[in-house]
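Quick notes on the structure that follows.
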Amino acid sequence: MLEFILLSCINTLIYGLLLFMLSSGLTLIFGLMNVLNFAHASFYMLGAYFAYEVSTHIGFWPALVFAPLGVGLVGIFIERYGLRSVHKYGHVAELLFTFGVFYVVNELVILIWGRNPVAYKIPEMLDFTLMSAMGTEFSAYRAFMLLISVSMFAVLFFAITRTRLGLIIQAALTHPDMVGSLGHNVPLVFMYVFGGGAALAGLAGVIGGNYLITEPAMALNLGPIVFVVVVVGGMGSLTGAFVASLLIAALQTFAVGFEVSLSDLLALWGVSAPDAGGFFHDLLRIEISHTRGMMPYLFMVLMLVFKPKGLMGTREE
Amino acid sequence: MLEVRDLNAYYGRSHILQGVHLRVDRGEIVSLLGRNGVGRSTTCKAIMGMVSPRGSVRFQEKEIAGLKPHAIARRGVGYVPEDRAIFPRLTVLQNLELGLKKKGQKGRWTIEDVFQLFPRLGERTHVLGGFISGGEQQMLTMCRTLVGDPDFIMIDEPTEGLAPKMVEQVSMLIQEIARSGISVLLVEQKLTIALRISHRLYVMGRGEIVFEGTRDEFEADTSVRREWLEV
């Protein structure tokens, strides 16, 4: 049991920080620009593919630097020459624009790299078991993912709370017009944030793409979860996104281990399940571990009903 | 210093400013009076580029209408909005630091000057902007714009909702600003303050200027007050 809890905690941390890498950009872009960037997970996918390309030619370590930078530039290009022009037509146009970008990127990836997964592998240097405790193995690459994620978090935290650009971003979250009339170029700040958010999502792709699978479906697989994180955390709140990332990760990680069903719980209270074979019998026999996929969305739906601003959202509508 | 001619502005289809003209000279305090909703704040926003203007806004002999707000601010125009717009999650000091156009900027007013003039703000440098009193927020928002060293500043309803003692401090600060060579356009409802500190006055009614003159001219013309100001 202790082993399960320890392992689940580590997995939660790794998965949670990976989610945060994606959701931090998305929530800042929403908070600042009011744009729900549907294409955000595409940047994650591009990060993985760029890293695959760079690592096959030069190596994994250069890929760790160049792939996120490349994705950041793609983000800047999309903001500067696409989104900024669409901005004057309102939020629906912006949402549709990012929706279009999502599919364009998806089809481009299929055109260039094909429909099948590419062989983006964990670097040999990190492909070994770091430690094995109580029969559970912990790979060196997972430790590396943890290291990169924690460093990213520290750098982002420092950048937002200690640098001048970070303060301008924080101020623009609540009063963009005032920030502009104090002489700061707000559209330029938007562009940096969009590019930075894309680069962070790209970084998540670099370290997650080889651990999971690098394939054209990866954006669609992870995209919705990132939206859940942003909604649950409170749109525009970085702290909220952090807490929600860990919460959603814990929910999904721990759910796997619970092979308990509703009827088991009912039995504890002395209530017996309906007769075998009936619909209700089947429903009550579903184990919690099988609802893993549904959990985050159920959480989001309940959140929207009971606390629409999210855990830390302060946004007034 | 500032010359506005035939300024028009729209919110959707509503024609809010209908050919406003006004002038502010160097070192002058000019008040813009009028009832709520006649377009005084919109005039400030149109000058600042926050509402897209039609017409001419010349500042220090150059046309600024059509520029982005940050570019207008960099030319030397400052704006203190009615809602104060304090950054609530940043400290008092950080709020002031964002008033600087560049890190370490030294102009007519420095952050140290602000703390000397208002020791209360100096004592609360690390308190979040959202947690200081309304009066302190008003001082902070004016000083935040001042440390950016504007040559001309528009201050929208600075005494709104303040206690009499604070109102006095605000009007002293405005006079201090003008003495330092910064021209002021003051949007006010409280006639007593506007009359005491302004060199010239404009009265707005339904999107246009309906009176323009000195203090004495204003006091002599009782019909303006009756028709356009009294509720």
Side-chain angles (χ1 to χ4, degrees), chain A residues 24 27-28 31-33 79-80 84-85 87-90 156-193 233-242 309-316, chain B residues 12 41 44-52 67-91 93-105 107 128-130 137 140-150 152-156:
Chain A
S24 53
T27 203
L28 275 185
L32 280 177
M33 310 160 76
E79 198 283 330
R80 178 66 187 82
R84 206 180 287 187
S85 317
H87 182 70
K88 53 180 167 287
Y89 303 112
L156 185 67
F157 186 77
F158 178 83
I160 293 286
T161 58
R162 296 281 181 273
T163 68
R164 197 166 157 80
L165 180 64
L167 293 185
I168 293 175
I169 292 172
Q170 282 196 64
L173 277 170
T174 51
H175 298 87
D177 286 347
M178 190 63 227
V179 174
S181 58
L182 287 174
H184 306 293
N185 189 342
V186 176
L188 192 71
V189 172
F190 283 1
M191 193 179 83
Y192 287 152
V193 168
M235 303 243 206
S237 164
L238 213 51
T239 325
F242 181 68
K309 282 182 186 173
L311 291 173
M312 314 251 170
T314 48
R315 210 173 177 77
E316 301 290 336
Chain B
S41 296
C44 294
K45 285 182 182 161
I47 293 172
M48 200 66 222
M50 295 159 90
V51 173
S52 59
L67 295 180
K68 292 257 183 322
H70 69 90
I72 292 174
R74 285 178 177 270
R75 296 276 178 101
V77 179
Y79 174 48
V80 180
E82 189 183 0
D83 63 2
R84 294 171 192 153
I86 290 297
F87 308 132
R89 287 181 239 169
L90 301 188
T91 64
L93 184 64
Q94 287 170 333
N95 264 278
L96 286 170
E97 280 170 347
L98 285 192
L100 302 173
K101 305 235 162 49
K102 276 202 179 92
K103 212 173 174 173
Q105 181 189 18
L128 292 182
Q137 285 193 346
L140 181 59
T141 182
M142 287 167 69
C143 293
R144 182 177 60 186
T145 302
L146 282 176
V147 297
D149 202 25
F152 163 65
I153 187 169
M154 296 179 283
I155 309 174
D156 196 350

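Computation of the quantities below employed the complete heavy-atom set of this structure, encompassing side-chain atoms and omitting hydrogens, waters and symmetry-equivalent molecules. Chain naming here is simple, since letters A, B, ... match the order of the sequence lines and numbering starts at 1 in each.
- Using a distance-only test at 3.5 Å, with no hydrogens or angles considered, a donor-acceptor pair links the side chain of N95(B) to the main chain of L90(B).
- L100(B) touches chain A through backbone and side chain together, each having a heavy atom under 4.5 Å away.
- V179(A) has its side chain out of reach of V189(A): every pair of non-hydrogen atoms, C-beta onward, lies at least 4.5 Å apart.
- Only the backbone of K102(B) comes within contact range of chain A, with heavy atoms under 4.5 Å apart.
- In terms of heavy-atom pairs under 4.5 Å with chain A, the best-connected choice from R144(B), E97(B), M50(B) is R144(B).
- Inter-residue side-chain proximity for M33(A) and P176(A) is flagged as unmet; no heavy-atom pair is nearer than 4.5 Å.
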Run the side-chain donor-acceptor check on residues 67-81 of chain B: report pairs under 3.5 Å with partners two or more places apart or on a different chain.
| residue | atom | partner | partner atom | Å |
| --- | --- | --- | --- | --- |
| H70(B) | NE2 | N185(A) | OD1 | 3.3 |
| R74(B) | NE | G183(A) | O | 2.7 |
| R74(B) | NH2 | G183(A) | O | 3.0 |
| R74(B) | NH2 | K101(B) | O | 3.4 |

